[in-house]
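Reviewing the structure listed below.
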Amino acid sequence: MSQEKVDRYKKEKANRKKIMRRGKAMSVVRKLILTVAALALIGWLGYSAYDIHEENKERVVAEVNYDAVTDYLNSLSE
């Protein structure tokens, strides 16, 4: 091995704990980000499905008879 490789190996060995800690932290961060993204996607899909379901429901329609009001307004104008 060249001296450069030996120096690089010694440097890596000295910082091995730090490198391992950083790798584990990045792994946890990646998993957390993927979990949040998956939950957001599932929530969005659930909300969209619920919204489509609610749109397809039959709505109750109320009919109002305005004959009495119309008669009253007509009697006022006479």
For this session: Among Ile, Leu, Val, Met, Phe, Trp and Tyr joined by side-chain contacts under 4.5 Å, find the other residues sharing a cluster with Val61 and list them by chain and number.
Result: none
Exercise. So which pairs with a foot in residues 9-26 pass salt bridge (Lys or Arg N to Asp or Glu O under 4.0 Å), sequence neighbours left out?
Worked result: none
Problem set entry | Gap separating the CG atom of Leu41 from the CG atom of Leu34, nearest 0.5 angstrom | 12.0 Å
For this session: State whether the side chain of Ser48 and the backbone N or O of Trp44 hold a donor-acceptor pair below 3.5 Å, judged by distance alone.
Result: yes
Problem set entry | Reported CG-to-OG distance for the pair Leu32 and Ser27, which is rounded to 0.5 angstrom | 11.0 Å
Problem set entry | Pair listing, salt bridge (Lys or Arg N to Asp or Glu O under 4.0 Å) test, anchored in residues 36-54, at least two apart | Glu54-Lys57
